[in-house]
Every structure is written in C-alpha cells, then in structure tokens.
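Comments concern the structure below.
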2 protein chains.
Amino acid sequence: MSTKFKGNLDETDLFIIKRLCEDSNTSLASIGDELNVSPSTIHKRICRLKEGGIIERFTILFDPSILNLKTIAFIGIELERSALVGKKKDEVISKLLSMQEVLEIHETLEPFDLLLKLRTENVDFLREIIGDISTIEGVHTTNTILTTKKILETPLKYETIKDLGDIRRG
Amino acid sequence: MSTKFKGNLDETDLFIIKRLCEDSNTSLASIGDELNVSPSTIHKRICRLKEGGIIERFTILFDPSILNLKTIAFIGIELERSALVGKKKDEVISKLLSMQEVLEIHETLEPFDLLLKLRTENVDFLREIIGDISTIEGVHTTNTILTTKKILETPLKYETIKDLGDIRRG
DNA sequence: AGTGAAACGTTCATTGA
DNA sequence: TCAATGAACGTTTCACT
C-alpha cells in the first residue's frame, strides 16, 4: 500500500537510511567508507530508495517556536452516525486535511472516531479552530485534550534501525 | 527557553528554512538565486541558524513501515498523587523517555496527567508496552486509544512559513 | 559494484559597501 | 556589520568497466 519499492532492503540500505536520518548532509564518501563501498554505490542506493518511495525527501528539523506555534492539543472527534462511513466521512476528513493547524488525523475505535493533533499559536486560536471543527457537517462532538508542556516529540527513534530481521517486501 | 539565537529572524532566514524543509539538498546557489543574494550569504545564514539552534539538523523523512512499526496508539496516563510533582514524577518521565516505542510525551491537565504517543510493530507488542508502563512506580492508570488508520501525520506544515509578522526574539 | 573524470557545490579569506 | 567575490577544495554524477 505505501511503497512501490521493488526488492528487499538490505543491511546497506538500512545503514544509509540511519546515517541520513542522523545527518543528511553526510557525504556519500564518508558513508561509503563506513560500509567499505564506493560513493557511487551509496549514490545509486539513495536514488533507488528515493524512487521507491522509501526516502520521502531530504529536509531539516527546525525549532517550531519560530512559527509561534506553542500550543499543542489533541482533539477526539465523535462523528454523527451518518458520517461514520462513505462520502460524508470523506468530506469531514478533507475539511480537516485543509486546516493548517491540523497535523495529524487518526481513525480510532474508542472512545472517539477520529483523533487529531493540532498546533496553534495560543489557546485563543485553538478555541477558534475547535469552533471551526465542531461546525463541520458530520462532526457530532469534540473533546479537547490541551497539553501544558511538551516533554518529548520525535517523529521516529531512528536508533531503532539496526534489526535487519524480516524486512521483506514484494 | 528554547533557543540561544541572537537577533531576529528576517524574511531571508524564513525563506531559507522553508526551502530547506522542502528539500534540504537544494544548493546554496539556487536558494541564493531565488533571493538574489550570493551562495556565501546563504551559507552564513544557515551556519548562524544551526549555531543558534533554529535548525536542529539535516535529516530525511522515510517510510516508517520499513521498520514494521505499523501500530500507532495514544496513551493517557493518570499519575498517583504522590507522583504529580517532584522526584517521583521525574522518575516516571525518565523511564518513559527510555522506551523506544514512546515517541511523544505531553503534560496535560484533563482528563489525564500525561499523554503519550507510541509506535509498535503490532497490537501484541503494544500490550506488552502498556504492561510495562502500568507497572512504573507512580503510574496510577493507563487509558489506551488505539488507532486503526493513519490519515495524516506530519511534523509541521511548513507552508505556514511566510507570515514574517512579529517573529522577534531577544 | 567500482573507477575515474567532469560538473557541480561548498567554504572561506579577502574585499568592498 | 553585512554581503559579494573568487579560488581552493570537496562532493556528486555518470559513462564505462
């Protein structure tokens, strides 16, 4: 479903991904040195990983506070019964997707139907957004969990990359 | 609190950050072209942004499914009254930080004391982790919100970077 | 998967605004 | 103080092996 990558990821691929996660400015030569292969091999591997959709893009992590988005909240949404499936649900989701403050949308079973993660400048803006969400047709109730302090927020702990185990794909 | 950056971020800085978010392999020269400044200026800006902690690091986004971490869950934790502040709370948090599956930890007010986000390979592993968490001294109850489908998951919508407004810092 | 060479990008000391 | 220049150096890319 998620990738069009052909073949298996081997140890080399995973090592490359890990090194690039740590620092995507690392030169191909130095990655090659660590693996005892040539830079051009690393280059070809990275191209393949990009084409296969394994590597989405090269990017930077930056301090979100420069955007003044200091308020993080989670919102549980219960949908109206008529919006639990089909077109009406799709419409709810597409409206949520179009909101810049909405960073995550997950389907859940209990106690909500959808769980969102949002970032806003402050609590007043958050209130506005919640207002917008609750007036979306098909949204029955919203339940806000306002966070007061972020202790950890990381996309993935890439240290995990090392178990080459059964990473197979068709 | 969060950065040691001296001075203000100007339009140029924000443009650089946005371009690097989109593609951190963009050459300094081509960013410079778009801003009508020289590559060396871009270079110095990026150095300054790195040193100031605005740019955390250069990295890649990759498909998490290669790590077989397909299960996303959120866990609300209520702490025992004795662990609501101080050393005991710090110990709970440091145990949570050390768990590879725990990707986010937020303090909240209601209805939980802490909200976690986790990724695991499958629901069985999740159950194990929940077991581990619930036996941490100071954890009173855990409430799991299991997600069934990820619709959106993005660290930040960097398209937001453009309002140069009142982005001031001391 | 490696080699080697050309093209390209980065870095920095120097100079000027 | 900040940006531009230009040259030295390092990296990427690609045709060929």
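Chain A is the first sequence line, chain B the second, and so forth, proteins listed ahead of strands; every chain is numbered from 1. Remember, it's a predicted structure, so these values are computed and weren't measured experimentally.
- Straight-line distance from the CD1 atom of Ile42(B) to the C1' atom of dA4(D): 12 Å, rounded to whole Å.
- Side-chain N/O atoms of His43(A) include none lying less than 4.0 angstrom from OP1 or OP2 on dT12(D).
- Look at Asp13(A) and Arg45(A) and you find a salt bridge, because one of the NZ, NE, NH1 or NH2 atoms lies within 4.0 Å of a carboxylate O, short of that distance.
- Between Leu20(B) atom CG and dT10(C) atom P the separation is 10 Å, expressed in whole Å.
- In terms of position on DNA chain D, the residue among Thr41(B) and Pro39(A) whose nearest nucleotide sits closer to the 5' end is Thr41(B).
- The pair Lys117(A)-Glu104(B) counts as a salt bridge, with a side-chain nitrogen and a carboxylate oxygen less than 4.0 angstrom apart.
- Look at CD on Glu11(A): it is 13 Å from P on dA1(C), rounded to the nearest Å.
- For the atom pair Lys157(B) NZ and Leu97(A) CG, the distance stands at 6.5 Å (nearest 0.5 Å).
- Rounding to whole angstrom units, CG of residue Asn25(B) and C1' of dT12(D) are separated by 10 Å.
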Handout entry: Check against side chain to side chain contact (heavy atoms under 4.5 Å, CB included), Leu84(A) and Asp113(A)
Key = CA-CA 8 Å; Leu84(A) 280 177; Asp113(A) 299 311; 3.6 Å; yes
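- Whole-Å rounding puts the Leu35(B) CG to dC2(D) P distance at 17 Å.
- Between Arg127(B) and Asp124(B) a salt bridge is recorded (basic side-chain N to carboxylate O distance below 4.0 Å).
- Rounded to whole angstrom, the span from the CG atom of Asp33(A) across to the C1' atom of dT12(D) amounts to 15 Å.
- When all heavy atoms of Lys150(B) and Arg119(B) are compared, the pair lying nearest together is NZ-NH2, 4.0 Å.
- Regarding contacts with the backbone of dA1(C), a side-chain N or O of Arg45(A) is found under 4.0 angstrom from either OP1 or OP2.
- Comparing Ser27(A) and Lys44(A) against DNA chain D, the residue whose closest nucleotide sits nearer the 5' end is Ser27(A).
- At its two ends the helix from dA1(C)-dT17(D) to dA17(C)-dT1(D) runs along axes set 30° apart, each axis drawn from five pairs and the angle rounded to 10°.
- Taking atom CG of residue Leu28(B) and atom C1' of nucleotide dA3(D), one finds them 15 Å apart after rounding to whole Å.
- Ser38(B) comes within contact range of at least one nucleobase, with a heavy-atom separation under 4.0 Å.
- The interatomic distance linking Phe58(A) (CZ) with dG9(C) (C1') rounds to 15 Å, in whole Å.
- Within 4.0 Å of Ser40(B), counting heavy atoms only, lies at least one base atom of the nucleic acid.
- There is a side-chain donor-acceptor pair under 3.5 Å between Thr141(B) and Glu78(B).
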